[in-house]
Participant: 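Please read through the structure below; I'll follow up with questions.
The figures here come from the full heavy-atom set of this structure, side chains too, leaving out hydrogens, waters and symmetry mates.
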Amino acid sequence: MSRVTLAQWQMLAAVVDHGGFARAAEVIHKSPSTLNHAVHKLETQLGVALLEPAGRHVRLTEAGDMLLRRARQLIESAAAIEDVAASLATGLEAEVSLAVDQVFPPDALAEALQQFSGEYPHVRVQLHETVLNGGVEMLYDRRADLVVSGLAAQGFLGEALATLRFIAVAHPSHPLHRLGRRLDLRDLAQHRQLVVRDSALRQSMDAGWLKAEQRWTVSHLATSLDMLERGLGFAWLPETRIRGALEAGRLVPLPLEVGGVREVPVHLIFQDRDRAGPATHAMARALHEAVTACSDSNASNA
């Protein structure tokens, strides 16, 4: 059996986080003497000084800093276990927060939501339509239970969901098409490129080829598509988003020597698979099944 308890580590963490015994006691509703006794007993049991005076406050010793860093992992794991138990006890979460990159096929998303609604009609859904780092940022901030993204999230494992084809396109009357020959990047650099702004608030990024002398940045994929169909520029867009415009001739692929088509893998990432309730798992399952169904439908119609 361990010589120290989780409660002792929690009280030490509270003292450090709140700058002293008095403030920590107010926050966690313990007496200062209780906290003082717990930390002193912890030091005695470990044989190591954990705290030292710093003016009117206390701070961690070098040994205390190292030990508390490791202890916080235990504290977080214990909290996770309690959350899992609470989820199992209640049986069902009231809401699922889903962040989906705008490049994800809208028909697959609609199919997944329809399937989920049939299984869990009373569970609320918070759908966030993100771009680039936007979904990953929500994952880091714990504001999304599930994220569909083409970007990797450090510290998380994603599962393959789909591979999307991006095609460089422009209106059939665009000057690039009127050149009547194969194009290279020097041709593109002389014309306006339409790109979609990263929805992340802190660490936004640019992606793809961005060397056009003129560039318009918009906030939604639908806006970029509308501008393309008006002949206002060129862009790489997901094939699933422009299939109708391609078939109707409103957009035409650019005849690039190389790079006219690129493939992007999209992954589904859980905030915490173990803590996720049955509704969150059902949403993940619905997304996988919808992608498969829509892929099969597109293949049969091709």
Participant: Side chains of D145 and L98: closer than 4.5 Å at any heavy-atom pair?
Facilitator: no

Participant: Could you tell me whether the side chain of L228 reaches within less than 4.5 Å of the side chain of L237, counting heavy atoms only?
Facilitator: yes

Participant: Just by modelled atom types, is the G259 backbone N or O under 3.5 Å from a matching donor or acceptor in the W236 side chain?
Facilitator: yes

Participant: Tell me, please, which residues at least two apart from F116 pass ring-ring contact (aromatic ring centres under 6.0 Å, His included).
Facilitator: Y120

Participant: Closer than 3.5 angstrom, by distance alone: can the side chain of D65 be matched with the main-chain N or O of E62 as a donor-acceptor pair?
Facilitator: no

Participant: Looking at L139, is its backbone amide N or carbonyl O close enough to the side chain of Q271 to form a donor-acceptor pair, meaning the two atoms are under 3.5 Å apart?
Facilitator: yes

Participant: Between the side chains of S173 and H171, does any donor sit under 3.5 Å from an acceptor?
Facilitator: yes

Participant: Could you check whether any side-chain N or O of H57 sits under 3.5 Å from a backbone N or O of G19, counting only pairs where one atom can act as donor and the other as acceptor?
Facilitator: yes

Participant: For the backbone of A279 and the side chain of E93, can you confirm whether one donor and one acceptor N or O come within less than 3.5 Å of each other?
Facilitator: yes

Participant: Any donor-acceptor pair under 3.5 Å linking the side chain of E229 with the backbone of D226?
Facilitator: no

Participant: If we only count heavy atoms from C-beta on, is the R143 to H128 side-chain gap below 4.5 Å?
Facilitator: no

Participant: Keeping the roles fixed (side chain from Q193, backbone from L188), state whether a donor-acceptor pair exists under 3.5 Å.
Facilitator: no

Participant: Distance only, no hydrogens: is a donor on one side chain within 3.5 Å (strictly under) of an acceptor on the other, for T217 and R197?
Facilitator: no

Participant: Please report the interatomic distance CZ(R241) to CG(L164), rounded to the nearest 0.5 Å.
Facilitator: 10.5 Å

Participant: Group every Ile, Leu, Val, Met, Phe, Trp and Tyr by side-chain heavy-atom contacts under 4.5 Å, then state whether L185 and L179 land in the same group.
Facilitator: yes

